[in-house]
Amino acid sequence: MTRSIDDAVDILRASRRVVVTTGAGMSKESGIPTFRDAPNALWANYNPEDLATRAGFRRDPALVWRWYAERRAMIAGAKPHEGHLALARWEQRFDAFTILTQNIDGLHVAAGSKDVVELHGNIFRYKCFDHDHPVAEPLAGAGEPPRCACGSWVRPAVVWFGESLDADHLCAAYDALERCNVLLIVGTSGVVYPAAGFAATAKANGALVIEINPEATPASEIADVFIAGGAKSILPVLATKTVDPIAGP
Ligand code: OAD
């Protein structure tokens with residue numbers, strides 16, 4: 001494993017098919033707190049069992065609805081940063097450039113990226129609790145969540161702990177991972193599956209792995225290049241160096 005940006009640039013320049021997988025660290029510099037790294041980690045201050053499981057919602061739908069409404073209001077004020085924008089510009093250079101994100105904030109799409117799989121859903125979409133009926137944006141009342149036409153509670157269309165990911169999303173993710181030359185991992189602690197297994201899948205299929213994160217993670221052990229730093233500063237540098245014509249002799 002190396003820590004050199006230039007090694008990452010060489011790998012990316014030689015690649016036609018890229019997968020980028022992102023986690024909460026990708027959006028941290030847009031002002032959205034991550035789940036696990038201090039200070040202000042969401043799961044340091046809140047209990048995921050209460051707020052991000054079906055059992056928690058069943059116990060107290062109003063609490064979960066309110067928590068997501070607060071997060072939605074905060075995320076609505078956030079904008080993509082230079083790292084998101086660099087990814088969006090970068091994709092034209094490659095034959096395939098797929099973003100597999102665990103983030104529910106929609107910032108990759110807002111930045112202009114086209115091939116984005118929102119593995120954990122999107123906080124600005126809704127479905128019903130009992131039947132997964134898609135629900136158009138409901139009136140966000142205080143107190144209890146609204147009801148679907150079928151009578152069930154409305155909930156955010158995000159993936160909670162213990163729930164399966166959308167089958168089409170999983171197919172798209174593994175198809176991209178099996179065919180890519182390089183996997184770029186940005187801003188995820190790599191502890192929640194299936195995304196936690198993406199590095200191993202890509203490696204097993206012959207891809208090289210580049211990781212960008214201020215801290216080492218379990219994926220760092222198998223990464224070919226680990227770049228210590230934040231998404232907002234590193235991604236634009238990497239994108240610019242990769243896109244620039246190779247200097248002549
Ligand atoms: P975590 O909060 O677990 O990890 C955030 C990662 O971002 C850490 O590894 C940080 O070191 C890194 N990081 C911090 N600042 C960064 C920066 N400026 N640039 C790049 N990286 C930075 O978030 P996730 O890995 O996304 O799922 O968490 C995975 C899933 O667990 C989430 O989707 C969510 C959560 O519970 C559900 O809610 C189901």
Side-chain angles (χ1 to χ4, degrees), residues 1-30 80-103 107-109 111-119 172-190 195-249:
M1 192 257 272
T2 89
R3 291 176 172 264
S4 150
I5 286 205
D6 288 337
D7 288 343
V9 169
D10 288 344
I11 291 170
L12 285 155
R13 277 185 171 163
S15 298
R16 299 308 320 150
R17 305 185 69 87
V18 179
V19 173
V20 185
T21 188
T22 63
M26 179 76 219
S27 296
K28 186 170 174 178
E29 291 155 295
S30 288
H81 60 58
E82 285 88 332
H84 294 100
L85 298 172
L87 289 178
R89 281 196 308 275
W90 208 357
E91 69 184 5
Q92 293 153 15
R93 187 188 188 278
F94 298 96
D95 293 344
F97 193 90
T98 306
I99 298 179
L100 308 177
T101 187
Q102 296 168 90
N103 298 340
L107 289 184
H108 287 300
V109 173
S113 286
K114 300 279 182 295
D115 186 3
V116 182
V117 181
E118 294 181 322
L119 294 163
Y174 284 105
D175 185 53
L177 287 165
E178 284 162 15
R179 299 170 66 198
C180 69
N181 309 120
V182 59
L183 170 67
L184 183 59
I185 306 174
V186 187
T188 174
S189 58
F198 287 173
T201 303
K203 275 255 141 183
N205 285 282
L208 295 169
V209 174
I210 300 168
E211 183 179 30
I212 300 173
N213 197 310
E215 313 276 339
T217 72
S220 317
E221 288 166 27
I222 59 169
D224 298 281
V225 184
F226 175 78
I227 302 171
K232 182 177 171 181
S233 55
I234 302 292
L235 283 170
V237 173
L238 212 48
T240 302
K241 284 188 169 217
T242 307
V243 170
D244 280 351
I246 299 170

Closest non-hydrogen atom pair between A239 and A86, with its separation = CB-CB, 4.1 Å
inquiry  = Tell me whether H81 contacts the main-chain N or O of M26 through its side chain, where contact means a donor paired with an acceptor under 3.5 Å.
reply    = yes
Single hit among L100, T101, V19, I99 for side-chain contact (heavy atoms from CB on, under 4.5 Å) with V117 = L100
Exercise answer: donor-acceptor pairs, residues 205-212 side-chain atoms, under 3.5 Å, sequence neighbours excluded:
| from | atom 1 | to | atom 2 | distance (Å) |
| --- | --- | --- | --- | --- |
| N205 | ND2 | T201 | O | 2.8 |
| E211 | OE1 | S220 | N | 3.3 |
| E211 | OE1 | S220 | OG | 2.6 |
| E211 | OE2 | T217 | OG1 | 2.6 |

key: Taking every non-hydrogen atom, the tightest pair across G23 and T188   = CA-CB, 3.8 Å
query = Heavy atoms, side chains only, cut-off 4.5 Å: are K114 and H108 in contact?
reply = no
note = Taken to the nearest 0.5 Å, the spacing of L177 CG from K203 NZ works out to 13.5 Å
key: Side-chain donor/acceptor of D95 to backbone N/O of R17, under 3.5 Å   = no
inquiry  = Just so I know, are the side chains of D224 and D7 near enough to count as touching, which here means a heavy-atom distance under 4.5 Å?
reply    = no
Rounded distance (nearest 0.5 Å) linking atom NZ of K241 with atom CZ of R13 = 8.5 Å
query = For the residue pair L183 and F198, what are the closest heavy atoms and their distance?
reply = CD2-O, 3.6 Å
ask   = Which atom names give the shortest non-hydrogen contact between G190 and P218, and what distance separates them?
value = O-CG, 4.0 Å
inquiry  = In the structure I gave you, are the side-chain heavy atoms of R16 and R179 within less than 4.5 Å of one another anywhere?
reply    = no
inquiry  = Working to the nearest 0.5 angstrom, can you tell me the gap between F226 CZ and E215 CD?
reply    = 7.5 Å
Straight-line distance of T242 OG1 to D10 CG, nearest 0.5 Å = 9.0 Å
inquiry  = Is there a side-chain contact between E82 and L235 in this structure, where contact means two heavy atoms from C-beta onward sitting under 4.5 Å apart?
reply    = no
inquiry  = Taking the side chain as everything from C-beta on, heavy atoms only, tell me whether L87 gets closer than 4.5 Å to V186.
reply    = no
note = Here the pair of heavy atoms bringing L12 nearest to F94 is O-CE2, 3.4 Å
task = For S15 and V18, indicate whether the former's side chain and the latter's backbone hold a donor-acceptor pair under 3.5 Å.
result = no
inquiry  = Please identify which of these residues, D175, T21, D115, meets the side-chain hydrogen bond (donor to acceptor under 3.5 Å, both in side chains) condition with T98.
reply    = D115
ask   = Does the side chain of H84 come within less than 4.5 Å of S27's, by heavy atoms?
value = yes
inquiry  = Please find the pair of heavy atoms, one from S113 and one from A88, that lie closest to each other, and give the distance.
reply    = OG-CA, 3.5 Å
message = I'd like to know if the side chain of N103 reaches the main chain of A24, judged simply by a donor and an acceptor atom lying under 3.5 Å from each other, with no hydrogens or angles considered.
response = yes
